[in-house]
**Student:** 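A single structure is presented below for examination.
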2 protein chains.
Amino acid sequence: MARQNLPAAQRREVTVEAVVDLAATRNPAEITTGQIAEHMHLTQGALFRHFPTKDAVWDAVMVWTASQLTRRLDQAEARGSSPLSALEQMFLAHVDFVVARPGVPRILFGELQRTGDTAAKRSARALIGGYRTRLVKLLDRCCANAELPADLDTEAAATLFVGTIQGLVMQAMMTGDFPAMRAMAGRVFSIYLKGIGGRL
Amino acid sequence: MARQNLPAAQRREVTVEAVVDLAATRNPAEITTGQIAEHMHLTQGALFRHFPTKDAVWDAVMVWTASQLTRRLDQAEARGSSPLSALEQMFLAHVDFVVARPGVPRILFGELQRTGDTAAKRSARALIGGYRTRLVKLLDRCCANAELPADLDTEAAATLFVGTIQGLVMQAMMTGDFPAMRAMAGRVFSIYLKGIGGRL
DNA sequence: CAAAAGATAGTAATCAGTCACTATCTTTCC
DNA sequence: GGAAAGATAGTGACTGATTACTATCTTTTG
């Protein structure tokens with residue numbers, strides 16, 4: 001059974017998937033190029049035919065993560081019949097994404113922890129920053145739409161939205177039970193919704 | 001004449017402080033025994049006269065963190081004139097602790113990311129687990145006291161409490177401005193308070 | 001066949017941990 | 001009181017394992 005040689009672009013995609021897979025059960029900071037290669041049935045040296053450095057691998061992972069999350073949030077937002085229901089859809093979509101890919105939040109946390117100015121870290125910052133901005137805008141639309149009080153502190157509300165998901169993630173990381181997030185997500189979101197003065 | 005031989009117990013305390021200091025500006029996962037030793041003006045080898053392994057250092061850091069946080073939460077809770085105001089005091093005390101010691105949340109995140117069964121990770125788990133339990137009990141007392149609705153989902157409320165702080169921490173980590181947390185803390189907490197149906 | 005992809009076998013750097021030795025305390029005992 | 005003796009703390013050079021990354025040879029594939 002001969003191993004198949006993949007074209008470079010495809011090999012890069014497989015590499016990103018391998019990293020996300022590994023991060024689901026391992027500390028991202030401890031993932032080595034050797035482990036990545038082994039997980040995709042490749043030798044360690046061959047990895048560097050497709051990525052100039054290890055950090056380039058992490059950057060590719062961040063780019064993939066950003067595009068995946070954005071795509072899911074776009075779909076969720078479109079599903080909402082109003083700004084406020086779009087907010088709820090986005091919340092649930094984010095939780096679903098994390099449950100499906102538990103490595104993602106771990107990679108994001110790990111990347112934000114890192115110091116120095118790498119491409120991967122800049123991508124991570126851009127992802128979270130863009131997310132927050134998007135939330136503030138959506139919350140503003142809810143206010144304009146009278147679905148939320150006009151005097152709502154939308155910046156604080158956006159921070160709390162992100163924190164709400166993070167609290168769920170942290171609990172999942174502690175218990176190791178990511179699917180349980182889904183059940184808790186609804187309960188936590190309803191408290192959040194009440195906090196921002198919303199009603200669905 | 002700066003050189004001085006410290007007694008072992010004192011040296012261990014200095015070591016913990018050095019680690020917490022370093023974690024404020026460096027990725028905890030990248031802190032080496034050499035960096036710790038250098039920061040406390042000691043040779044790397046001497047560190048191992050006081051700790052059998054590097055993980056023992058991390059465990060000592062976790063024990064210190066747990067005791068510090070517990071002490072501050074105890075004081076805050078005592079300051080509260082009622083269960084609900086105690087909850088608010090604890091929130092503010094936690095934020096103050098993080099602002100004073102930015103390395104602490106980074107260390108906690110980093111420790112929870114790690115895999116395998118180390119003493120340090122068990123301590124981290126115990127800290128967060130105990131915190132959550134404590135919150136649920138306090139929230140239950142708020143309900144019994146009619147300061148919060150009797151039908152409040154106290155487990156979800158505890159999860160959100162932790163997440164609220166985490167959201168603030170993540171924002172601080174992104175901007176690098178930890179003191180700004182304090183201003184945002186009040187704004188976010190008031191949304192949280194409304195969410196759990198409280199009024200102060 | 002030729003170019004892309006992978007295998008094999010390296011290298012230099014870094015890390016946690018060790019060890020023989022030295023410096024500095026503290027206690028003992030005349 | 002003070003020197004001898006033992007205990008404690010620190011030094012600096014080291015080791016073996018691991019790491020990201022590279023150089024060279026081999027296989028696959030269009």
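The chains referred to below are lettered A, B, ... by the order of the sequence lines, with proteins before strands, and numbering in each begins at 1. Being a predicted model, the structure only gives us computed values, none of them experimental.
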**Student:** What pair of heavy atoms forms the shortest contact from M181(A) to V95(A), and how long is it?
**Tutor:**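 Answer, listing the atom of M181(A) first, then V95(A): CE-CG1, 4.0 Å.
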**Student:** Under 3.5 Å, is there a donor-acceptor pair between the side chain of R125(B) and the main chain of M174(A)?
**Tutor:**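 Checked: pair present.
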**Student:** Atom CE of M40(A) and atom C1' of dA7(C): how far apart are they, to the nearest Å?
**Tutor:**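 After rounding, the reported distance stands at 15 Å.
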**Student:** Any side-chain N or O of R11(A) below 4.0 angstrom from OP1/OP2 of dA4(C)?
**Tutor:**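 So the side chain of R11(A) is outside the cut-off, no N or O lying under 4.0 Å from OP1 or OP2 of dA4(C).
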**Student:** First locate atom CZ of F109(A), then atom CE of M170(A), and finally report the distance between them rounded to the nearest 0.5 Å.
**Tutor:**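 If I round to the nearest 0.5 Å, the distance is 7.0 Å.
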**Student:** Regarding A46(A), tell me which of base, sugar-phosphate or nothing describes its non-hydrogen contacts under 4.0 Å with the strands shown.
**Tutor:**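 It contacts sugar-phosphate atoms only.
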**Student:** Among R122(A), K121(A), R114(A), which residue meets the salt bridge (charged side-chain N to carboxylate O under 4.0 Å, His left out) test with D55(A)?
**Tutor:**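 Of R122(A), K121(A), R114(A), salt bridge (charged side-chain N to carboxylate O under 4.0 Å, His left out) with D55(A) is met by R114(A) alone.
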**Student:** Using a cut-off of strictly less than 4.0 Å between a heavy atom of the residue and any atom of DNA chain C, enumerate the qualifying residues of residues 19-32 of chain A by number.
**Tutor:**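 Listed by number, there are none.
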**Student:** Looking at every non-hydrogen atom in both residues, tell me the closest pair between T33(A) and K54(A) and how far apart they are.
**Tutor:**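 In this case the closest contact between T33(A) and K54(A) is CG2-CG, 3.8 Å.
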**Student:** Give the rounded distance in Å between these two atoms: CG of L42(A) and P of dT28(D).
**Tutor:**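 Roughly 14 Å, once rounded to whole Å.
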**Student:** NA contact type, L6(A), heavy-atom cut-off 4.0 Å: base, sugar-phosphate, or nothing?
**Tutor:**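 Contact class for L6(A): sugar-phosphate only.
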**Student:** Quickly, which of F161(B), Y192(B), F97(B) forms a ring pair (Phe, Tyr, Trp, His ring centres under 6.0 Å) with F91(B)? Name it, please.
**Tutor:**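 For F91(B), the ring pair (Phe, Tyr, Trp, His ring centres under 6.0 Å) check succeeds only for F161(B).
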**Student:** Report yes if the side chains of N145(B) and L84(B) come closer than 4.5 Å at any heavy-atom pair, otherwise no.
**Tutor:**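 Result no, sub-4.5 Å side-chain heavy-atom pair not found.
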**Student:** When the aromatic ring centroids of H94(A) and Y131(A) are compared, is their separation below 6.0 Å?
**Tutor:**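 Between Y131(A) and H94(A), which both carry aromatic rings, the centre distance is below 6.0 Å.
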**Student:** Grab the CD-P distance between E13(A) and dA5(C) for me, whole Å please.
**Tutor:**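 Spelled out: CD on E13(A) to P on dA5(C) is 14 Å.
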**Student:** Specify the separation, in whole Å, of atom CG of L47(B) and atom C1' of dA13(D).
**Tutor:**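 Rounding to the nearest Å, CG of L47(B) and C1' of dA13(D) are 17 Å apart.
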**Student:** Determine whether a donor-acceptor pair (N or O, by modelled atom type, separation under 3.5 Å) exists between the side chain of R106(B) and the backbone of Q113(A).
**Tutor:**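 Checked: pair present.
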**Student:** Please evaluate the base of dG12(D) for a donor-acceptor partner in the side chain of Q44(B) within a cut-off of under 3.5 Å?
**Tutor:**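 Flag unset: no donor-acceptor pair detected.
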**Student:** Does T43(B) make a side-chain N or O approach to OP1 or OP2 of dG10(D) shorter than 4.0 Å?
**Tutor:**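 It does not, given that no N or O in the side chain of T43(B) lies less than 4.0 Å from OP1 or OP2 of dG10(D).
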**Student:** Rounding to an integer number of Å, can you tell me how far H41(A) NE2 sits from dG6(C) P?
**Tutor:**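 For the pair H41(A) NE2 and dG6(C) P, the rounded distance is 13 Å.
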**Student:** How many whole angstroms separate atom CD of E38(B) from atom P of dG10(D)?
**Tutor:**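 In whole Å, dG10(D) P lies 17 Å from E38(B) CD.
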**Student:** What residues in residues 48-61 of chain A put a non-hydrogen atom under 4.0 Å from any atom of DNA chain D?
**Tutor:**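 Within this stretch, F48(A), R49(A), T53(A), K54(A) sit under 4.0 Å of the strand.
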